[in-house]
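None of the values given here were measured: they were computed from a predicted structure. Atom set for the values below is all heavy atoms of this structure, side chains included, hydrogens, waters and symmetry mates excluded. Naming: A, B, ... by sequence-line order, numbering from 1 per chain.
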Amino acid sequence: MSYKLPMGPYHPALEEPYKLDMTCEGETVCEAKLHIGFNFRGIEHLAETRNYIQVIALMERVCGICSNIHTLTLCQAMEQLTGLTPPPRALYIRVVMAELERLHSHVLWAGIAAKLMGFKTMFMECFALREKVMDVLQAISGNRVNYSMNRIGGVNRDIADPQSILQMVEQLEREMASTIIPIFTTSTTARSRCAGIGVLTHEKAISCGVVGPTARASGVPQDLRRATPYAAYSEMKFDVPVEQDGDVRARLLVRALEIMETCRILRQALNKMPAGEIHTGEAKVVFTAGTAVSRVEAPRGEVMYSVAWKENSRNPARVHVRTPTFANMPAIRWMVLGARIADTPLIQASIDPCYSCTDR
Amino acid sequence: MSTVASVASDDVAQHIGDESSWVHKGGVHWYCAELTDVRRLARSMNAVHARFVTITATELAAGEGFRLEYLWDLDGRLLGFTFHVTHSSIESIYDICEAADWIEREIHEGFAIDFPGRIYEPLLLRPGDKLGVNLREVAK
């Protein structure tokens, strides 16, 4: 006999306020439906009431973890409409910030995943490391969450001494290489809790249009840093980890390997950072009427901003944000089919859902 | 944006490699010709294994309806297709393109545009108990 089991919108097993309505038989999930919209903020509409400086501060609040990515994507779109090209040093600083944010996001996710696995020691270890990543971000930007780094035509703050930041990154890399990476890739706890559960097949990943590590863990090798390089990514050498199994362990492995690739990119960006200005210096910018679209590979996958401007306006006519979780979340209903109820929190967490992004 | 009437065809797949059918502007390769059949477009995109990205809805001036921009990614190239919606209704592509599910629902709930051919599940956004409310009108 089947029964319905609602999980959420506020539930101890969920990290975010959405709702999963499951139909179960015994301990097995037979059907699931996802509901979002509990904290909808109307940020896209609010953006139309902000000028081109205010809108950057507003869109930085779309997400509390990848806040920098949102301003980067927005500024790239606005730069297309203003014809401004950031100087090379600014592009390198954008890469450093984007990769540090990826590091921060992946380590935070690893901690949450460890907690849901029942691996509390690892949770503490991950969050201790996350603090150190935030220390590096603070050393660069002065802030630990909303960094206020991006502006139209460049960045607001320079990295005065890239070598001191490099030392901090290398220390972090050593600690991660000796703790998080081997434990997540080889421990029996991680393997037994993650292998073979929450499978998203390659075909379903393509059909659902999932992005980022969720797609790459199902054998879809898409990464905008490689496919359409932005900022200074065309000058960086890195691999895009791809796994084929599509289960929670594959998503764990992809992120663990990405942590090491991120450190590799950070080393290159900090070592090769060109001298020069960090922004174009315009006190006032003029927009051409039209629409510009920009895409960036955020920690959770592709972020897209479509920005429309009217002639002689200080405010955008329309800002549309397609966040990675908005693309990934519908796939959860397929991942939990056939799963045990006890595994569903970990399966949901395995896409690294960001509800703040989804209910922007 | 230039209009190339000679390439007018809803079978976009035939024009993927034809540069004259597209204009690159604002980070998107926009299809020049006017399209009328969104479902045929979705099938064409499936045929070339393009990945659905999103639909951007924009409300036009009073009485002019809405502009819907459908975006697909093809090997890193962002392909854009514009549809003008004058009667707040355009066919759903959800059954052809599963990835369009949530954005169709969001546009329905945020702009009151109907997508015939699909069932709307409970609200994604929650302004009240009505389905298909133009939130911008509510906010005025």
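- The environment of Arg41(A) atom CZ is dense: over 12 non-hydrogen atoms of other residues, nucleotides or ligands sit within 6.0 angstrom.
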- Task: Report the C-alpha distance between Glu98(B) and Trp334(A) in whole Å, list the side-chain angles of each, state the deciding distance to 0.1 Å, and finish with yes or no for side-chain contact (heavy atoms from CB on, under 4.5 Å).
- Result: CA-CA 12 Å; Glu98(B) 186 179 359; Trp334(A) 303 112; 2.8 Å; yes
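- Neither the backbone nor the side chain of Gln76(A) comes within less than 4.5 Å of any heavy atom in chain B.
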- Item | Phe326(A)/Thr54(B) under side-chain contact (heavy atoms from CB on, under 4.5 Å): CA gap, chis, key distance, verdict | CA-CA 10 Å; Phe326(A) 195 83; Thr54(B) 195; 5.8 Å; no
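- Met304(A) places none of its side-chain heavy atoms less than 4.5 Å from the side chain of Asp73(B).
- Only the backbone of Ile55(B) comes within contact range of chain A, with heavy atoms under 4.5 Å apart.
- With chain B as the partner, the residue from Ala292(A), Ser306(A), Ser207(A), Gly209(A) showing the most heavy-atom pairs under 4.5 Å is Ser207(A).
- Residue Val220(A) does not touch chain B at all, counting heavy-atom pairs closer than 4.5 Å.
- A salt bridge does not link Arg318(A) with Glu69(B): none of the charged nitrogens is closer than 4.0 Å to a carboxylate oxygen.
- Between atom CH2 of residue Trp102(B) and atom OG1 of residue Thr358(A) there is a gap of 6.5 Å, rounded to the nearest 0.5 Å.
- Looking at Arg226(A), there are no atoms closer than 4.5 Å to chain B (heavy atoms on both sides), in backbone or side chain.
- Side chains of Val211(A) and Arg51(B) form a contact here, defined as non-hydrogen atoms less than 4.5 Å apart.
- Across all their heavy atoms, Cys208(A) and Ala99(B) have their closest contact at O-CB, 3.3 Å.
- Between atom CH2 of residue Trp30(B) and atom OG1 of residue Thr291(A) there is a gap of 6.5 Å, rounded to the nearest 0.5 Å.
- Salt-bridge check for Glu106(B) with Arg322(A): failed, with every basic side-chain N at 4.0 Å or more from each acidic carboxylate O.
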- Query: Hey, mind stepping through Leu71(B) and Arg295(A) against side-chain contact (heavy atoms from CB on, under 4.5 Å) and telling me if it holds?
  - Reply: CA-CA 12 Å; Leu71(B) 296 168; Arg295(A) 293 187 295 164; over 6 Å; no
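- For a residue to count as touching a neighbouring chain, one of its non-hydrogen atoms must lie under 4.5 Å from one of that chain's; by this rule Lys204(A) touches chain B with the side chain only.
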